[in-house]
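Scope of the values below: all heavy atoms of this structure, side chains included, with no hydrogens, waters or symmetry mates. Keep in mind that what you see is a predicted model, and the values were worked out from it rather than measured. Throughout, residue positions are numbered sequentially from 1 according to the sequence presented. Order of appearance sets the numbers: ligands from 1, and atoms from 1 within every ligand.
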Amino acid sequence: MAELIIIGGGLAGCEAAFQAAERGIDVVLYEMRPKVTSPAHISSRLAELVCSNSLGSRLPDRATGLLFAELSRLNSLLVRIALETCVPSGSSLSVDRDLFSASVEQVILNHPKIRVIRKEIREIPDSPTIIASGPLTSPGLSDALIRFSGKNNLFFYDAVAPIIYKESIDFSVAFYASRFEAEKGHSSDYINCPFTKEEYDCFVDALISAERTPLQNFENEIHTGVNAGKGKFFEGCLPVEVIAARGHQSLCFGPMRPIGLMDSRTGQRPYAVLQLRQDNHSGSLYNMVGFQTNLTIPSQKLVFRMVPGLAGAEFSRFGQMHRNTYISSPSLLQTTSQTKTRSDLFLAGQITGIEGYLGNIASGLLAGINAANFISGRKMLIFPSATMIGALYRYITETPAERFQPIKASFGILPELENRFVIRQERAARHIQTAIRAMDDFLNENMDLIKTK
Ligand SMILES: Cc1cc2nc3c(=O)[nH]c(=O)nc-3n(C[C@H](O)[C@H](O)[C@H](O)COP(=O)(O)OP(=O)(O)OC[C@H]3O[C@@H](n4cnc5c(N)ncnc54)[C@H](O)[C@@H]3O)c2cc1C
């Protein structure tokens, strides 16, 4: 039987290696550290947590809590070790980061089916492979990914706009309309938040003076051009506060231009407009178009709630910026985590556009099981979209490529509940019930695809 190559000994790579090895596959795991370092990792350990030591809330009514429950059912190695190395932190699952990585490393190094080689890989192997090289994939491998995917399908910088729950928008102020809909027969797809001149002036002043998150040193490489000319980069997705600081009217002529938008209730064209675009299938989430930002979270709450219609906005995700190498999964990936053009090539972890430690562990688990199934000639696993893992994969593979952005576990990506009018507090419980039932039924019906040796 062919061996499996895994590139990257981070969260996804280690989980994938363990899952494949437990299914009898010989695994070679390549990790570039300590020979080549990343700008954020500080040790040579496998499965290093680069920033927070929290894997998210363990509460059963939270999205990460649901993912945690699913991963526990699927015998995730990293979740088991997280539980063994956890530190007191209320309802969140936080770990002693050194103990966590040391314990993962010990299991991986001692596994009879896994060989770890400390080496940077710069070419995509032409035998069964999982690429799990993370958000800080080395430049050499990034070049190889560009050759494989085309430069428009690899992104280097992540400046994401906030996402808002539709139910928190005030529709006595906001209105549906698309630009020039009357002339071109477009449907009213966007939600528009209209500004008067006075509201716009106050908003821009607040936006420019709001507190920003300091950029890490390594993020300056985007300015010095390390990745210039490859894929998308900084100038193409300027933070809204940077655009605003270039001139008081620049937003009015940029992402907030009111051209072609008429507020049918007043018959007037607003002075400026913030547009919100649907972000998930069910239409419960909307993203702030062109509002990628580097403001701190408290500043985002303060300033973005000044937008007319958003005074009570609840955020499903805040905007953020950091270096992040990820592929256009809708263009390149299948829900099995195989690439569309090479069935023996899998991608896992943050490079697929899945965010958050637990999400990336889940992604490694799916890729590891499916790579093992592929090598041993078994069917591929596709988790039901009612489960959080299934919903993450559906989101990253089915979102239209032109508006694809990284996503983390959230209830908003799960299919709409049968009774849409159930009150918000109950919704999480219903989602969880549905997801767990779907996962349990799925596991019962697909034991042969899940089982280890
Ligand atoms: C600065 C920063 C802070 C973050 N903070 C958080 C946080 O607080 N919470 C959170 O949930 N998520 C955070 N993330 C996202 C986090 O990186 C992921 O959730 C998680 O680590 C991704 O897992 P992964 O396995 O995809 O990548 P990683 O864990 O980064 O693993 C990838 C591995 O591949 C190796 N590698 C790269 N290129 C090569 C190559 N060519 N050859 C061989 N090996 C290679 C790297 O050294 C690394 O060990 C952060 C990301 C960054 C960049």
Heteroatom proximity flag, L11 to ligand 1, N/O under 3.5 Å: yes
Would you mind listing which atoms of ligand 1 come within a distance below 4.0 Å of any non-hydrogen atom of L141? 41 (N)
Can you check whether Q320 reaches Q300 side chain to side chain, under 4.5 Å on heavy atoms? no
List every atom of ligand 1 that sits less than 4.0 Å from any heavy atom of Y30, numbering the atoms from 1 in the order shown and giving each element. 43 (C), 44 (N)
Using 30° and 60° as the class limits, which term best fits the ring planes of F374 and F346: parallel, tilted or perpendicular? perpendicular
Is there a polar contact between ligand 1 and Q350, counting only N or O atoms under 3.5 Å apart? yes
Would you say A132 contacts ligand 1, with heavy atoms under 4.0 Å as the rule? yes
How about L295 and E241: do any of their side-chain heavy atoms sit closer than 4.5 Å? yes
Looking at non-hydrogen atoms alone, which of L46, I351, V50 comes nearest to atom 50 (C) of ligand 1? V50
Quick one: do E355 and R317 make a salt bridge, cutoff under 4.0 Å? no
If you count the atoms of ligand 1 from 1 in the order shown, which ones are under 4.0 Å from a heavy atom of G349? 26 (O)
Would a 4.5 Å heavy-atom cut-off, applied to side chains only, mark R45 and R97 as touching? no
Non-hydrogen atom of G356 closer than 4.0 Å to ligand 1: yes
Quick one: does S54 get an N or O within less than 3.5 Å of an N or O on ligand 1? no
Heavy-atom side-chain proximity of R305 to L310 below 4.5 angstrom: no
Between L358 and ligand 1, find which residue part has any heavy-atom pair under 4.0 Å and reply side chain, backbone, both or neither. neither
Indicate yes or no: at least one non-hydrogen side-chain atom of I354 is less than 4.5 angstrom from one of Y326. no
Could you tell me which atoms of ligand 1, counted from 1 in the order shown, lie closer than 4.0 angstrom to a heavy atom of A12? 25 (O)
Between E15 and S76, is there a side-chain donor-acceptor contact under 3.5 Å, judged purely by atom types and distance? yes
Does the ring centre of Y393 sit less than 6.0 Å away from the ring centre of F383? no
Just wondering, do T397 and T352 contact through their side chains at under 4.5 Å, heavy atoms? no
For ligand 1, which atoms sit closer than 4.0 Å to a heavy atom of R33? 47 (O), 49 (O)
Should T137 be counted as touching ligand 1, given the test is an N or O pair under 3.5 Å? no
Could you list which atoms of ligand 1 come closer than 4.0 Å to a heavy atom of K119? 42 (N), 43 (C)
Electrostatic pair R118-E105, nearest N-O below 4.0 angstrom: yes
Have a look at ligand 1 and work out which part of R122, if any, has a heavy atom under 4.0 Å from it: side chain, backbone, both or neither. neither
Below the 3.5 angstrom mark, is there an N/O of E120, backbone or side chain, next to an N/O of ligand 1? no
Among P135, G56, S138, which residue places a heavy atom closest to atom 41 (N) of ligand 1? S138
Is it the side chain, the backbone, both or neither of S133 that has a heavy atom closer than 4.0 Å to ligand 1? both
